[in-house]
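As structure tokens, the structure follows; a few thoughts come after it.
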2 protein chains.
Amino acid sequence: MNECSFTYRKEKTMTMPDKRNDIIQGALELITEKGFHGATMAMIAEKSDVAVGTIYRYFENKDVLINALYHELEEKILGALRKEYSAEKPFRERFLLIGTTLLHYFISFPVHFRYMEQYHNSPYGISLRRDQLLNKADDVDITRQLFTEGIIQQVLKDFPLAVLFDLAFGPLVALARDHILGFIVLDDTLITRTVEACWDGVKR
Amino acid sequence: MNECSFTYRKEKTMTMPDKRNDIIQGALELITEKGFHGATMAMIAEKSDVAVGTIYRYFENKDVLINALYHELEEKILGALRKEYSAEKPFRERFLLIGTTLLHYFISFPVHFRYMEQYHNSPYGISLRRDQLLNKADDVDITRQLFTEGIIQQVLKDFPLAVLFDLAFGPLVALARDHILGFIVLDDTLITRTVEACWDGVKR
DNA sequence: CGCTTCAGAATGAACTTTCATTCAGGAGAA
DNA sequence: TTCTCCTGAATGAAAGTTCATTCTGAAGCG
């Protein structure tokens with residue numbers, strides 16, 4: 001019973017991330033579609049073209065997989081924001097840029113968006129946030145800097161940082177969801193106009 | 001805002017007592033804390049001071065329970081909005097009233113809020129929305145009327161209805177979440193000011 | 001060059017636990 | 001008695017996890 005498959009030899013010296021990626025990709029799609037408990041390890045394995053046991057070589061258990069998935073996506077999104085950002089431009093323009101970039105990202109990767117949403121609103125996400133509450137210092141991200149600057153220079157309304165975040169990103173997240181679920185169809189001008197409306201909400 | 005009890009009718013016979021209420025209350029708290037699959041029927045039964053089997057006298061199965069729970073809450077929230085609403089007042093005032101009422105409700109019943117959030121972002125909620133997309137006519141709710149009026153009278157920005165919803169309620173939902181998770185502490189003036197900021201976002 | 005050895009990657013059937021659901025029986029009212 | 005409601009141990013299916021085994025390919029050896 002030996003099948004010698006004339007191999008697709010990926011001819012790469014580093015085989016490591018290959019399987020891991022397959023698993024992450026498969027898990028991402030399945031969980032997005034079926035939810036955390038609707039997607040069983042067996043299904044994830046099948047979708048990833050991998051044996052069930054293999055998943056456990058890369059992830060200690062299902063919870064670890066779920067959390068790893070989240071952090072992977074978070075990193076991608078922050079990366080996308082950083083890439084577009086330019087500290088030189090005037091404040092308003094930087095704000096609009098972040099908003100539109102975020103929306104474009106969500107629309108380009110709806111699966112990422114849906115996963116993040118699901119995660120945030122599950123016990124996983126809640127406990128993560130609780131942790132972040134404790135060591136709040138580490139967060140050196142672009143948006144925080146931008147908003148802090150805006151408060152100091154009095155271009156933004158005088159609100160706690162969190163409230164400004166909510167005013168700015170709350171609508172964008174809701175908008176992305178509506179688009180992805182098919183309630184509305186976003187195009188570039190609608191995106192721009194909406195982000196400008198958010199600006200109206202936060203500007204002083 | 002007063003107590004939160006699900007319709008009880010004492011005058012009726014002792015049959016169909018508030019066992020159903022107990023179950024709904026217990027399920028609500030447990031699911032909010034542990035998630036849909038983290039809360040087992042056994043746990044729900046214990047928390048509700050009821051035997052497991054009893055749950056099945058009132059709800060055909062777990063899914064039915066979960067969906068029933070959602071619709072109870074939805075009804076309560078819409079009721080709270082209707083109660084405060086007054087068609088006489090000027091437009092802006094009505095908008096602010098709806099916003100603040102909503103926030104107050106969320107803050108008074110954080111468990112309701114968390115449940116709704118979790119539901120919306122799970123496969124349950126998604127399929128519900130898909131259904132609502134098809135028969136969109138039935139929705140005769142206050143907010144929809146208000147926003148439609150606002151568009152016609154040109155007090156609101158010229159956006160699709162859904163976008164206006166997102167601009168108005170997106171921040172409020174995010175705000176409620178932040179408050180409930182302990183990131184910020186909302187008081188009446190902060191609530192008012194935030195809803196006013198939302199107004200800035202949607203007004204023409 | 002073959003041949004052997006070997007590390008560790010991958011597999012998937014078997015195992016264990018968990019959990020929604022059922023149902024035989026008990027308690028109490030009419 | 002009979003009927004309804006309630007109970008919670010029992011059930012069986014489903015899902016996460018394990019692990020003995022197989023497979024793969026690189027390194028060592030003659």
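Below, chain A is the first sequence line, B the second, and so on; all start at residue 1. All of these numbers come straight from a predicted model, not from anything done at the bench.
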Between [N] atom [atom2] and [X] atom [atom1], what is the distance in whole Å?
{"X": "I23(B)", "N": "dC5(D)", "atom1": "CD1", "atom2": "P", "value": "13 Å"}
{"X": "K19(A)", "N": "dG12(C)", "atom1": "NZ", "atom2": "C1'", "value": "14 Å"}
{"X": "D49(A)", "N": "dG12(C)", "atom1": "CG", "atom2": "P", "value": "11 Å"}
{"X": "I55(B)", "N": "dC19(C)", "atom1": "CD1", "atom2": "C1'", "value": "12 Å"}
{"X": "E46(B)", "N": "dA9(D)", "atom1": "CD", "atom2": "P", "value": "12 Å"}
{"X": "L30(B)", "N": "dC19(C)", "atom1": "CG", "atom2": "P", "value": "12 Å"}
{"X": "M43(B)", "N": "dG8(D)", "atom1": "CE", "atom2": "P", "value": "18 Å"}

Checklist entry - What salt bridge (charged side-chain N to carboxylate O under 4.0 Å, His left out) pairs are there with at least one residue in residues 102-117 of chain A, not counting sequence neighbours? => result E117(A)-R177(A)

Next on the checklist: Counting C-beta onward and ignoring hydrogens, is there a side-chain heavy-atom pair between V185(A) and L190(A) closer than 4.5 Å?
Outcome noted: no

Item to check | Under 4.0 Å protein heavy-atom contacts per nucleotide of nucleotides 13-19 of chain D, with B for base, S for backbone only and - for none | outcome: --SSBB-

Checklist entry - For the residue pair H179(B) and F106(B), is the inter-centroid distance of their aromatic rings smaller than 6.0 Å? => result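 No, the ring centres sit 6.0 Å or more apart.
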
Next on the checklist: For Y105(B) and F109(B), I'd like to know if the aromatic rings sit close, meaning centre-to-centre distance below 6.0 Å.
Outcome noted: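 Close enough - the centres of the two rings lie under 6.0 Å apart.
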
Checklist entry - OP1 or OP2 of dC5(D) sitting under 4.0 Å from any side-chain N/O of Y58(B)? => result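 So the side-chain polar atoms of Y58(B) never come under 4.0 Å of the phosphate oxygens OP1 or OP2 of dC5(D).
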
Item to check | L102(A) CG to L78(A) CG distance, which is reported to the nearest 0.5 Å | outcome: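 The distance works out to 9.5 Å.
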
Checklist entry - Given the rule in the side-chain contact (heavy atoms from CB on, under 4.5 Å) test, do L175(A) and I184(A) qualify, once you have shown the distances and angles that lead to the verdict? => result CA-CA 8 Å; L175(A) 198 68; I184(A) 48 174; 3.7 Å; yes

